[in-house]
Amino acid sequence: MGVRNLKKTGVSDKLKKFLFGFVLLFLLPGCSDRFVLLDPAGPVAQTEYRNIMLTMVLSAIVAIPVLAIMVYVVYRYRDRPENQAPYTPNWDDSKILEVIWWGIPILIVAILGVYTVRDTFSLTRPPSDQKPVTIQVVSLDWKWMFFYPESNISTVNYVEIPTGVPVQFVLTADAPMNSFWVPQLGGQVYTMPGMEMYLWLQADRSGVYEGKGANFTGKGFAHMNFQVVAKPKSEFEAWVKSVKRSAPPLTNEKYNQLVKPSIANKQLYSSYPTSLYKDIVNKNGGMYYTHHGHH
Amino acid sequence: MGDDFYSRVSDGGDGMKTKEPLSGKYTGFPWGHVIGYMGSILLTLVALWLAVNPPFSQGGIITILLVLAVLQILIQLIFFMHITESRGPAFHTLAIVLGFLFTFAVVAGSIWIMTFNSQVQ
Amino acid sequence: MEATEKTISDQKPQEHGMEEEEKYVLGFWLFLASDLVLFASLFATYLVLRTHTDGGPTEAQLFEIPVFMLETFLLLTSSYTCGLAMHALKNGHARRLIGWIAVTVLLGLAFVGIEINEFITYSSEGATMQRSAFLSAFYALVGTHGLHVSLGIVWLISVAIQLMRKSIQPTTARKFINAGLYWHFLDVVWVMIFTVVYLMGVMG
Amino acid sequence: MVHQIVEYLRNADPLIQMSAAAIVLTLLGIIFALTYYKKWRWLWREWITTVDHKKIGIMYLICALLMLFRGGVDALLMRTQLAFPNMNFLDSQHYNEIFSTHGTIMILFVAMPLIFAMMNIVVPLQIGARDVAFPFLNAVSFWLFFFGALLFNLSFVLGGSPDAGWVSYPPLAELSHSPGPGINYYVLSLQISGIGSIATGINFIVTILKMRAPGMTLMKMPLFAWSVLASCIVIIFAFPPLTVALALLGLDRIFGTHFFTMLHGGNPMMYVNLFWIWGHPEVYIAILPVYGILSEIVSTFSKKYIFGYKSMVASLMLISVISYFVWVHHFFTMGAGPGVNSFFAVASMAVGIPTGVKVFNWLFTMFRGRIRVTLPMLWALAFIPCFVIGGATGITLASAPSDYQLHNSYFVIAHFHQTLIGGAVFGLLAGMYYWWPKMFGFKLNETLGKWAFWFFNIGFYVCFMPQYALGFMGMTRRVYTYPAETGWGSLNFISTVGAYLMGIGFLFIVVQVLYSIRYGERDTTGDPWDGRTLEWSLPSPAPHYNFAQIPTINGRDAWWEMKQQRKAGSLVSENELKPIHMPNRTPLPFLMSLAFFVSGFGLVFNQFTIATVGLIGVIVCMLWRSLEDDRGYYLSVDEIKQTEASVRGA
């Protein structure tokens, strides 16, 4: 995060130092489990976490000295009669200095650029070699619908995934554009009507991870939260079986109810019409795009 | 454009015809315009012929069509809009060049961004 | 980027010399550069949406070669006659100048008439602006150009009236130069519409 | 339409009804005061029909400060709602309207007019010109901005505010999901003021390129003028995509087309794309002139030439071009593919290079200088650390993999407020304090100014630093409420406290201005800060023709060098005076923009008759202008002598 304003100014200086310390306290990794971005639970979130830290550290390498120089300069060259510091009103150019401060940012951007490109490409590939699970996601007004094409079960605002296995979320929307975000597992991808988007996530440890819609969609937007429960593969499979056994089926009529703007709680469905997901994509313009899962 | 022309108009309107033109092309037959017109008609016909009877692959044809269009635009800019003429710094040329750069950025950029995983044809 | 030393001097009141007129011409070029990007945005929209026909008419089904070729020739020729008008201006022939402007205006009117007829034909075939995203984008792009041409016609007429009243002076000359630039610029845009919309359209 | 409006007002929240009543009362009060003090004629002759760039600049400034007040109240309402978990101060709909109008107003009706105010007041004075290149067009720009802002603000009381965010993404902003007139207001008011912005861009490019005083080559031009040039280049190329995006959204909503709809092949992403082709350059439009302001202030109050002038010019130009190649970083998460994201990520980071160079150059301008910490310098000094941190977090957001996590979180909110408040607003306030004596002839009170500064500054950090942390806690932007279990409560509360501190800071500025009108130190020299550029060679406020005699320029920091050469005395030698040609005042810009407003208002409610009447009005005004023979008038030498004698207090 870099250093805050450290200007030399008596009492308010102390105040600012206090505030800075205060903010830093909240930022220290691990000091609270609520800093979900600093507590990645899978390889995707881990890559993104490292990228965030790298950019911050490299920016701080420039920012902190700049602020230090500023404090020093303002202190040393104040316009006071007794100030003995040199005064060179016509000195306005230095090739060497110019080369240095064009050079430093170029160098830093070059380093960051390399890592950024590397990570950007790597994030489009599955995070591990395990056989992946596919889950289709539809954002609605104002709820999240999940389909498991491999086992034909469906859920609302609740999704279970096996740990240690890459999960390919295939996302679309049957409502205004939203964004699918599970901070502890990895970053977002927009859900858009008629488009199929792909997002690889993986949980390496069991747990309950909060997910949310991150792109504004109107009145009920603030309530578009869902839970991601990661558990070992065997438990996950047992859960799928229990849903198939005990939950009601999702019919087209029921889905048409769900599409209407409303806020929903967790729901489970033992089956859904097999063409439902494809129909959702196509009715909103899916025919204009070639879609491809599993790269 | 037409900067040198201005100096003649504004240095006293009545002296216009008697004053020596700054370059010969302003008097007599408008060769530049005729050449530009012929060129643009020719380019249009060639483009149409290529589009109707494509002699090879579509991608290649589209590239050629775009090249022909750029030539046409250059004809308009040079023979009719006289973009190359100016006295003093050619700020207007700079502006138009920037305009074309950003035009390219908007069109090519949008296609690159928006047609990812979309059906182009 | 070194500038010219020549700037406004006190000797010539700035509003009455060539500097004033030069400012207008530079300003107009800047407007054209900006307008170019406006068309770029419309082209980008068209290119992204051209396949989104929603089961409705496609480009190849709609466009007719004789119609858009006629439009193209009318506009190219009007650009040429506008150039001849400029030639007349540079030689100080006020009457010839007004004559060529009149020819240009007539060619422009013919162009707009044919375009309106083209749009009416399409609409009567069910290809309205509300039918599909492709058609929305088509009408937006070609229609914006047509609107520009119509404005150009009004502008040329107004310049011609002023030329008839005041003959050639710095102000009227500048007004015609800008109107002429605008007219040629519309040809530049049309060349791209001809290529990207019509030719690539009939290629299918 | 009338029915719609009455229905809306009857069903509206009491808060809105009360505000509507307050607005009506204020208007009546203003009308009464103008009539009672017989000021209508004055208002019409001196302000509404003026084409003087200085007066237009002052009108921009007043509007911007009024809009800042409204945007600020919006901000406080939002922060109040978010201060605690599960608050019921505002409902979801109300909150959505408020954050949408807050964003739109702050960017388009505060940042832009503040920039235009500085440009208008300073640029001609700084380059030794008597006005801008096209004074008439300049007035048109202002009135278009004014009526655009008016139309936007009307939505609050007449029919409902836009509620789809300041970006108004479709399909949320389409008729299918936002049926009321709110988004129409958004589309049309931005369209109207946007036309004015493009015209301003063209106007100032021509002014700067063609109207500099003799001897002022481009490389001797003050950096503020350079920065305005860079900003205007961005304006003329970035605004057209916005025009198109809004026009197409408007066509969708009013004429039933399918550019961005969900059905019939529309593609909402294309709006997002077009919007940000404008949207990102837009923030550079706001920040580039601030770089110029900083350069002027730092140089003046360090009593030194700006360090690395050529570098500064090069970096301004570089930023204005690169800014056009970064727009995708606002939607990296749209899945445009790793190639696209990589290109735009690296381009976005590359903007940091020239920006970093500028900071170094400011530091080395102060190095071995003599620094006077006056009010403008204080704000400039506060700008630097704030902007450095904002820039650093910007680098994080530019890196696509980081952005996947931080996008749409409070981290983004903190980042762009840090660049737009800590950057643009701090810089513009610095500029306002710096040029205030030139505008009005008196200085603003230092003590009150320092109170304002500390409240605003400390408030800023208290408000926005916690928001970075909230981003790391996964708080998404635009939520109107959050449950207590999230643990976001304490930091949100701190943030709200900060927002109120900033509010107090703003009140201090208001008090400071009111106090100083009466008691502020009068500027009798015209050069209260020991300035370096030409505007300080003029009396404060400058006479309406600016320069009795256009000076000849020999070097950068022209006035500084003149002062070194001739220690005292006026620059004007009376015998060399010549009559000055001035443009006439005209009601046309006002009337034409009013016609635009009528047309826009009609379209908001799908009333095509009203819209057509407005458009006809616009065309009539244009034709009138084209055919009228307005040659301006001459100020005689005697009049100039008299004016000079009175303004210079001789």
Side-chain angles (χ1 to χ4, degrees), chain A residues 2 4-5 12 19 23 26-27 34-38 48 51-52 55-56 59 63 66-67 69-70 73-74 77-79 86-90 92 98 101-102 105-106 109 112-113 116-117 119-121 123-124 176-177 179 183 187-190 193 197 212 214-219 222 284-285, chain D residues 92-93 165 169 171-172 177 262 265 268 303-305 307-308 311 333-335 338 341-342 345-346 349-350 352-353 356-357 359-360 363 366-372 381 384-385 388-389 392 395-396 399-402 404-405 407-408 454 461 465 468-469 472-474 476 478-481 487:
Chain A
R4 312 283 155 236
N5 194 338
S12 45
L19 286 171
V23 170
F26 275 86
L27 280 180
R34 281 168 177 157
F35 287 90
V36 284
L37 262 64
L38 307 178
E48 286 159 354
N51 194 285
I52 293 172
T55 55
M56 287 195 162
S59 307
V66 163
L67 300 183
I69 294 173
M70 183 182 137
V73 166
V74 173
Y77 298 102
R78 284 290 281 273
D79 188 23
Y87 172 50
T88 55
N90 295 322
D92 66 351
E98 293 272 357
W101 58 62
W102 278 91
I106 289 177
V109 167
L112 279 177
T116 297
V117 173
D119 289 349
T120 306
F121 276 86
L123 285 172
T124 60
M177 185 172 109
S179 187
Q188 317 161 30
V189 164
Y190 283 162
M197 309 300 300
K212 53 198 95 198
N215 198 67
F216 179 64
T217 48
K219 271 186 196 163
N284 293 318
Chain D
S92 162
Q93 177 61 26
Y169 282 173
L172 181 64
H177 292 83
M262 281 166 73
K303 274 197 193 167
K304 247 185 95 195
Y305 282 94
F307 198 86
S311 258
T333 53
M334 207 166 75
N341 284 0
S342 297
V346 174
M349 290 189 239
I353 300 168
V357 168
V359 175
F360 282 115
L363 291 184
M366 293 191 278
F367 180 72
R368 294 192 183 160
R370 278 294 173 269
I371 299 168
R372 281 175 294 155
L381 288 175
I384 293 174
V388 166
I389 299 166
I395 294 278
T396 300
S399 181
S402 302
Y404 294 159
Q405 278 285 25
H407 184 62
N408 273 340
W454 288 112
Y461 284 93
M465 291 304 126
Y468 283 116
F472 282 114
M473 295 172 92
T476 43
R478 295 177 178 144
V479 289
Y480 76 100
T481 188

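Below, chains carry the letters A, B, ... as their sequence lines are ordered, and counting in each starts from 1.
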Chain D contact via T217(A) - side chain, backbone, both or neither, heavy atoms under 4.5 Å: backbone
Closest-packed option against chain A by number of heavy-atom pairs under 4.5 Å, given G356(D), G265(D), A345(D), G369(D): G369(D)
Contact origin within P193(A) toward chain D - heavy atom pairs under 4.5 Å: side chain
Pair T476(D), N408(D): side-chain N/O donor-acceptor within cut-off below 3.5 Å: no
Part of H177(D) lying under 4.5 Å from any heavy atom of chain A: side chain
Which portion of V357(D) sits near chain A, non-hydrogen atoms under 4.5 angstrom: both
N/O donor-acceptor pair under 3.5 Å between Q405(D) side chain and E48(A) backbone: no
Option in I395(D), V346(D), L363(D), V388(D) with maximal non-hydrogen atom pairs under 4.5 Å from chain A: L363(D)
Portion of L123(A) that has a non-hydrogen atom of chain D nearer than 4.5 angstrom: side chain
Donor-acceptor pair, side chain of K212(A) and main chain of G474(D), under 3.5 angstrom: yes
Residues forming a ring-ring contact (aromatic ring centres under 6.0 Å, His included) with F367(D), sequence neighbours excluded: Y77(A), F364(D)
Pairwise distance OG(S59(A)) to CE(M349(D)) - rounded to 0.5 angstrom: 9.5 Å
Engaged part of E98(A) at the chain D interface, taking heavy atoms whose separation is under 4.5 Å: side chain
Set of residues satisfying side chain to side chain donor-acceptor pair (under 3.5 Å) with respect to T396(D), sequence neighbours excluded: T55(A)
Option passing side chain to side chain donor-acceptor pair (under 3.5 Å) with S399(D) (candidates T120(A), N51(A), D119(A)): N51(A)
Y169(D) versus chain A, the contacting section by heavy-atom distance below 4.5 Å: side chain
